A.B. asks: 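First the structure, then my questions, so here it is.
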Amino acid sequence: LQALLLMNEEEYVKAAMACAKLTLKETEDLSAGLRLAYEKITSQEPTPERLALMEGTLLEFMDLYRQDEALTTALTSELGDAELEDRVKLAAWTMMTHSLLNLELAKVRR
């Protein structure tokens, strides 16, 4: 987590987490959530190919966070005594929205 915060300002990670939390509150459907997050961040709808890539990436993030409980707990420390699976979900969605925030499309609006 420290390496992540060094590479990116802490506020940027907090913004990604806030977006992830909002998306998770708005829908429990994986595809709908990914579409919603992509639209909010880029002001565009994802192509089917982009959506498939995002789904695969989110699942990979979830696997990563399930395997590293210490990292997951560190990233989601504000959740207190939440279950590991809730932490995994928030951590994975945070990294997904963080990835979207880093897209050139999100940085340069046309």
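Computed from a predicted model, the values in this text were never measured in an experiment.
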A.B. asks: Given side chains that start at C-beta, do those of M96 and M54 come closer than 4.5 Å, heavy atoms only?
C.D. replies: yes
A.B. asks: Quick check: is L100 connected to L30 through a chain of hydrophobic side chains (ILVMFWY, heavy atoms under 4.5 Å apart)?
C.D. replies: yes
A.B. asks: Considering residues at least two apart in sequence or located in another chain, which fulfil the side-chain contact (heavy atoms from CB on, under 4.5 Å) criterion with A32?
C.D. replies: T27, D29
A.B. asks: If you define the side chain from C-beta out and look only at heavy atoms, does anything of F61 sit under 4.5 Å from T57?
C.D. replies: yes
A.B. asks: State which residues pass side-chain contact (heavy atoms from CB on, under 4.5 Å) with T47; sequence neighbours excluded, sorted by chain then number.
C.D. replies: E49, R50
A.B. asks: Looking only at atom types and distance, does a side-chain atom of T97 sit under 3.5 Å from a main-chain N or O of T94, one as donor and one as acceptor?
C.D. replies: yes
A.B. asks: Does a side-chain heavy-atom distance below 4.5 Å link L90 with D86?
C.D. replies: no
A.B. asks: Could you work out, with salt bridge (charged side-chain N to carboxylate O under 4.0 Å, His left out) as the rule, every residue matching E85, not counting sequence neighbours?
C.D. replies: R66
A.B. asks: For E55, give me all partners under salt bridge (charged side-chain N to carboxylate O under 4.0 Å, His left out), at least two apart in sequence or on another chain.
C.D. replies: none
A.B. asks: Can you name the residues that form a side-chain contact (heavy atoms from CB on, under 4.5 Å) with A91, not counting sequence neighbours?
C.D. replies: Y65, T72, L75, T76
A.B. asks: With a 4.5 Å cut-off on side-chain heavy-atom distances among I, L, V, M, F, W and Y, is there a chain of contacts connecting L24 to L84?
C.D. replies: yes
A.B. asks: Carefully, step by step, assess M95 and M17 under the rule side chain to side chain contact (heavy atoms under 4.5 Å, CB included).
C.D. replies: CA-CA 8 Å; M95 289 302 101; M17 185 173 285; over 6 Å; no
